[in-house]
Novice: 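Mind looking over this structure? Questions follow.
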There are 2 protein chains.
Amino acid sequence: MTDTRPPRADAVRNRAALLAAAADEFAERGMDASVADIARRAGVGKGTVFRHFATKDDLIAAIVLDRIDELTTAGEGLLDAEDPGAALLEFLTVAAHQRQQRDLSFLHGAGDVDPAVARARERMYRTVHELVDRARRHGAVRADVTGTDVILLMCAPNYVASYAPGAPPELWRRYLGILFDGLRPQGAHPLPEPPPPAL
Amino acid sequence: MTDTRPPRADAVRNRAALLAAAADEFAERGMDASVADIARRAGVGKGTVFRHFATKDDLIAAIVLDRIDELTTAGEGLLDAEDPGAALLEFLTVAAHQRQQRDLSFLHGAGDVDPAVARARERMYRTVHELVDRARRHGAVRADVTGTDVILLMCAPNYVASYAPGAPPELWRRYLGILFDGLRPQGAHPLPEPPPPAL
DNA sequence: ACCTGAACACCGTTCAAGT
DNA sequence: ACCTGAACACCGTTCAAGT
């Protein structure tokens, strides 16, 4: 019997304020914005941050959870598209676009993430696998590329574009284009290494 | 007249010990190994680190400088290869392989790097441009891809492979293969975004 | 000249004291 | 039950004091 009392009113308010403040602060200052600044922006004491989120990483995880779910929803909506190749490209475009903002290695995070994020991530992975399978069956993706490959490659366009100094904000689209051409069956060369263990 | 006295014997010894200790420590613990640990490993006081390298980033820069020069040398040796396409692929393989070890976003670093690194980097960039131009003229690289594109894409295979949990250590070769297929003229689709300003 | 370790400012995190 | 700010451990960096 986990009789969970409803939380106090100021607690829910503070939690929401912290999430909003953290999202803003991270977007402006990057992932190493200080907890103190986030607390100040949310109008609470530093200690309150750690009452709601055991660690700074947990706070990041809470924000990340929303983004992953958004992405999964977008992917699921593309599962019954008429053109499976275009659907996969569209999904990768949404993925790159939403995380254009920041660092975001969160999609595949190492080690001990909290179970909610792990679950959300696995749902998203399953969606990617389906999208890739459909695209492959349709001849839009080469036979030797797996869903896991695409999951790993997903973040590359943003990563690559982020290192161009005075680059246009949509540069990632160019590298997504090159990547996608690499995923196509036309002109594909055999790959020197087997795919990694499935995600 | 910058009459530069030769440095004291213990100074050169300490500097070399620090570089070696830092390289080891970074390789083992990652880029956020502590300066205190590096100093201890080198057998000097913490303060000595900052006498030789104004900042931790400068210490990293000194290590990075060597790697960049190695890469440039490899690239220059490939400029007169018979097969320019294979030469470019080989260069990208060397690049990925040498920086298999670690983080290494250093190749294109933001803002205020020290001038020695900036110079080394520009030499390397020029080499990449030549390799790409030759490969393109030879029909091994698509017409709409620039040297700057390849400079930016260079790090992607390592980055992508680094997020696969139980992956084989040579997984980057697989993603270099996919990337390289994306760079080939066969089956290339028009890119939605123009190339970034030249590096 | 160069080395050293104590001292500083800044982080994430903890916790006793308040309401 | 929740909030708060002082306190702690750990960083990179500085600098007065030593040789």
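Residue numbers start from 1 in every chain, and the chains themselves are labelled A, B, ... in the order their sequence lines are given, proteins ahead of strands.
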Novice: On DNA chain C, nearest-nucleotide positions of B/V44 versus B/R8: which is more 5'?
Specialist: B/R8

Novice: Mind telling me whether A/Y159 and B/Y159 have parallel, tilted or perpendicular rings, with 30° and 60° as the class edges?
Specialist: parallel

Novice: Name every donor-acceptor pair, under 3.5 Å, that has one atom in a side chain of residues 178-199 of chain B and the other anywhere in the protein, sequence neighbours excluded.
Specialist:
from	atom 1	to	atom 2	distance (Å)
B/D181	OD1	A/H189	ND1	3.1
B/D181	OD1	B/R184	NH1	2.5
B/D181	OD2	A/R142	NH1	2.8
B/D181	OD2	A/R142	NH2	3.2
B/D181	OD2	A/H189	N	2.8
B/R184	NE	A/H189	NE2	3.4
B/R184	NH1	A/H189	ND1	3.3
B/H189	ND1	A/D181	OD1	3.1
B/H189	ND1	A/R184	NH1	3.3
B/H189	ND1	B/G187	O	3.0
B/H189	NE2	A/R184	NE	3.4

Novice: Which two nucleotides bound the region of DNA chain C that has atoms under 4.0 Å from heavy atoms of chain B, read 5' to 3'?
Specialist: C/dA1 to C/dA7

Novice: Nearest nucleotide by nearest heavy atom, which residue falls closer to the 5' end of DNA chain D, A/H52 or A/K46?
Specialist: A/H52

Novice: Using a heavy-atom cut-off of under 4.0 Å over every strand shown, decide if B/A9 touches base, sugar-phosphate, or nothing.
Specialist: nothing

Novice: Show the atom names and distances, to 0.1 Å, of all donor-acceptor pairs under 3.5 Å that link a side chain in residues 10-17 of chain A to residues at least two apart or in another chain.
Specialist:
from	atom 1	to	atom 2	distance (Å)
A/D10	OD1	A/R8	NE	3.2
A/D10	OD2	A/R8	NH2	3.0
A/N14	ND2	A/D10	O	3.3

Novice: Looking at A/D69 and A/A120, what are the two nearest heavy atoms and their distance?
Specialist: OD1-CB, 3.6 Å

Novice: Report all side-chain donor-acceptor pairs from residues 46-59 of chain A shorter than 3.5 Å, counting only partners two or more places apart or in another chain.
Specialist:
from	atom 1	to	atom 2	distance (Å)
A/K56	NZ	A/M31	O	3.4
A/K56	NZ	A/A33	O	3.0

Novice: Of all residues at least two apart in sequence or in a different chain, which pass the side chain to side chain contact (heavy atoms under 4.5 Å, CB included) check with B/S162?
Specialist: none

Novice: When all nucleic acid strands are considered with a 4.0 Å heavy-atom cut-off, which category describes A/A39: base, sugar-phosphate, or nothing?
Specialist: nothing

Novice: Using every non-hydrogen atom in the two residues, find where A/D37 and A/E25 come nearest and quote the distance to one decimal.
Specialist: CB-OE2, 3.6 Å

Novice: So what does B/T48 touch, heavy atoms closer than 4.0 Å: a base, only the sugar-phosphate, or nothing?
Specialist: base

Novice: Enumerate, in order of first residue number, the stems that involve DNA chain C, defined as 3 or more consecutive Watson-Crick or G-U wobble pairs with both distances under 3.5 Å.
Specialist: C:4-8 with D:12-16, C:12-16 with D:4-8

Novice: Please walk me through it: do B/M154 and A/V160 pass side chain to side chain contact (heavy atoms under 4.5 Å, CB included)?
Specialist: CA-CA 8 Å; B/M154 226 169 67; A/V160 170; over 6 Å; no

Novice: Using heavy atoms to find the nearest nucleotide of DNA chain C for A/G47 and A/D32 separately, return the residue whose nucleotide is more 5′.
Specialist: A/D32

